[in-house]
Amino acid sequence: MKNVGFLSFGHWQAVPGSQVRTAQDALLQTIDLAVEVEKLGLDGAYVRVHHFARQLASPFPLLAAIAARTARIEIGTGVIDMRYENPFAMAEQAAAADLISAGRLQLGISRGSPENAQRGYESFGFVPPEGGTDADMARTHAEIFLAAIRGAGVALSDPAMTGQQVPLSIQPQSDGLRDRIWWGSGTRATGEWVAKQGMNLMSSTLLTEDTGVPFDQLQAEQIARYRDTWAEQGWEREPRVSVSRSIVPLLDDTDRAYFGERSDADQVGVIDGLVSRFGKSYVGEPAALAEELAADAAVRDADTLLITVPNMLGVAYNVEHLAALTEEVLPAIGWSPRSA
């Protein structure tokens, strides 16, 4: 059975038509949308993290607030840029949010994506080591973070305070959190690396490679290589895999005015100097969307689908459209609503 949640980039801007004009609007409306999504029987509320932009940037206070207002749905990120993170501070915050949610945190992390600021992570105090790259630094931060949430000793106690000198772990700790860490992967090779680290796979909204095959097939190959490598590693638990899709049911003329001219084909472009393939947007009548989504190879192979939402159109708009998807589209991929 599939898990389906929403993924919000948390944009805000005071422009005509926007229902999300301030940062406060973006935060409070994300909480409200999560509450309504739980009522619809959907499975998760996820947020994207970007810095130096009018978007959501500090996820843990927001996720904790969502956890306090909900009882069942997963809460998560897709994804946190580890170049910007102090691994120990993040371990404390993640554990606190997970405890508030009673173990519902699904934390997506990654090496990061292009940001508005040039080397913005340096403004946060993080500089790649000599001879290393920002991607290397992100993976190092992730390694330290994973060790911290497993309870590794990261500092020595002060004998003057404790009477002894022993390793101290980050507090609090939240049991099981390590198994709910995902890595945002943008290539097939990185998918294999993720499996070797024992993390769940959060397949990117774009892949920074192009073999000429449709995006869903390339992504399905990434998933297959991830699962094969996972099996080779001998991990005991079953891994999880998510993919993201933009899915917009056309319910009226307003929808057609906003989305009716969107391309239904993949796009190929250049990101960070690499030829990249972007998946298409699913826009159309609900019956047609159900047929198209059921034929998506990566959606079939993943256990979790994250639906990116146009958050600036407001909570009511997104609830109406997600409700239409739950009734007319998502059953075609094997999803059924949950109850509290």
Side-chain angles (χ1 to χ4, degrees), residues 3-13 18-38 40 42-70 72-85 89-90 93-98 100-101 103-116 120 142 145 177 180-185 200 202-206 240 242-247 304-315 317-319 321-322:
N3 290 280
V4 178
F6 76 82
L7 172 62
S8 175
F9 281 55
H11 295 283
W12 80 84
Q13 196 165 358
S18 172
Q19 303 300 310
V20 187
R21 307 182 71 81
T22 67
Q24 184 181 47
D25 290 341
L27 291 163
L28 295 179
Q29 289 191 28
T30 303
I31 298 168
D32 290 342
L33 182 58
V35 170
E36 296 304 316
V37 156
E38 184 167 75
L40 290 176
L42 285 166
D43 307 293
Y46 288 72
V47 296
R48 188 70 166 89
V49 178
H50 276 296
H51 301 284
F52 300 107
R54 291 185 176 90
Q55 292 180 245
L56 300 173
S58 51
F60 294 109
L62 176 59
L63 295 175
I66 293 173
R69 291 276 307 278
T70 57
R72 177 187 55 78
I73 58 170
E74 297 177 341
I75 58 173
T77 54
V79 289
I80 294 174
D81 185 336
M82 292 303 292
R83 297 175 299 178
Y84 284 79
E85 295 297 324
M90 181 175 166
Q93 295 163 16
D98 195 42
I100 291 170
S101 72
R104 291 184 280 136
L105 182 62
Q106 303 287 340
L107 197 61
I109 62 178
S110 83
R111 60 143 289 181
S113 59
E115 296 275 347
N116 285 345
F145 168 73
L177 177 58
R180 288 178 274 111
I181 306 301
W182 308 57
W183 185 270
S185 171
N200 301 308
M202 189 168 277
S203 188
S204 176
T205 52
L206 63 91
R240 289 186 62 182
S242 74
V243 297
S244 301
R245 293 291 184 268
S246 176
I247 309 170
T304 299
L305 171 64
L306 302 181
I307 301 172
T308 58
V309 295
N311 75 285
M312 286 179 63
L313 295 179
V315 174
Y317 183 93
N318 280 290
V319 169
H321 286 73
L322 289 170

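Heavy atoms only: backbone and side chains are in, while hydrogens, waters and symmetry mates are out. Starting from 1, each residue takes its place in the sequence as its number.
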Closest approach of [X] to [Y] (non-hydrogen atoms, all atoms of both residues):
X: His11; Y: Val20; answer: O-CG1, 3.4 Å
X: Thr30; Y: Phe6; answer: O-CZ, 4.2 Å
X: Val243; Y: Ser203; answer: CG1-CB, 4.1 Å
X: Ile80; Y: Pro59; answer: CD1-CG, 3.9 Å
X: Phe60; Y: Ala94; answer: CE2-CA, 3.5 Å
X: Ala68; Y: Ile100; answer: N-CG2, 4.4 Å

Measure the shortest side-chain to side-chain distance between Leu27 and Leu56 over non-hydrogen atoms and say whether it is less than 4.5 angstrom.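 Touching, per the 4.5 Å side-chain cut-off.
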His51 side chain near Asn116 side chain, heavy-atom distance below 4.5 Å: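 The answer is no, as the side chains (C-beta and beyond) never meet within the 4.5 Å cut-off.
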Worked verdict on Gln106 versus Tyr46 for side-chain hydrogen bond (donor to acceptor under 3.5 Å, both in side chains): CA-CA 9 Å; Gln106 303 287 340; Tyr46 288 72; 5.1 Å; no
Just by modelled atom types, is the [Y] backbone N or O under 3.5 Å from a matching donor or acceptor in the [X] side chain?
X: Ser18; Y: Gln13; result: yes
X: Thr77; Y: Gly108; result: yes
X: Asp98; Y: Ala95; result: no
X: Arg104; Y: Thr70; result: yes
X: Asn311; Y: Ser8; result: no
X: Asn3; Y: Gly44; result: no
X: Arg54; Y: Trp12; result: no
X: Glu38; Y: Ile73; result: yes

What do the steps show when you test Ile31 against Leu62 for side-chain contact (heavy atoms from CB on, under 4.5 Å), and what is the final call? CA-CA 7 Å; Ile31 298 168; Leu62 176 59; 3.6 Å; yes
With sequence neighbours left out, write down each residue that passes side chain to side chain contact (heavy atoms under 4.5 Å, CB included) with [X], or none if nothing qualifies.
X: Asp32; value: Arg69, Val315
X: Val79; value: Arg48, Ser110, Met202
X: Gln19; value: none

For a side chain to side chain contact (heavy atoms under 4.5 Å, CB included) with Leu107, tell me which candidate from Asn200, Ile181, Ile75 qualifies.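 For Leu107, the side chain to side chain contact (heavy atoms under 4.5 Å, CB included) check succeeds only for Ile181.
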Only counting residues at least two apart or in another chain, list the ones meeting ring pair (Phe, Tyr, Trp, His ring centres under 6.0 Å) with [X].
X: Trp183; answer: Trp193
X: Phe9; answer: none
X: His321; answer: Tyr317

Could you check whether Arg111 pairs with Asp81 (Lys NZ or Arg NE/NH1/NH2 to Asp/Glu carboxylate O, under 4.0 Å)?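 Answer for the salt bridge query: no.
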Side chains of Tyr84 and Glu115, donor plus acceptor under 3.5 Å: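 The criterion, which ignores hydrogens and geometry beyond distance, is not satisfied for Glu115 and Tyr84.
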Start with the C-alpha gap between His50 and Ser113, add the side-chain angles, then the distance that decides, and say whether side-chain contact (heavy atoms from CB on, under 4.5 Å) holds. CA-CA 9 Å; His50 276 296; Ser113 59; 3.5 Å; yes
CE of Met312 to CD of Gln29: how many Å apart, nearest 0.5 Å?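 Answer rounded to 0.5 Å: 10.0 Å.
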Hey, could you give me the CZ/CG distance between Arg245 and Leu305, rounded to the nearest 0.5 Å?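 Atom-to-atom, Arg245:CZ and Leu305:CG are 7.5 Å apart.
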The test is side-chain contact (heavy atoms from CB on, under 4.5 Å); show your working for Glu36 and Asn318 and say whether it passes. CA-CA 10 Å; Glu36 296 304 316; Asn318 280 290; over 6 Å; no
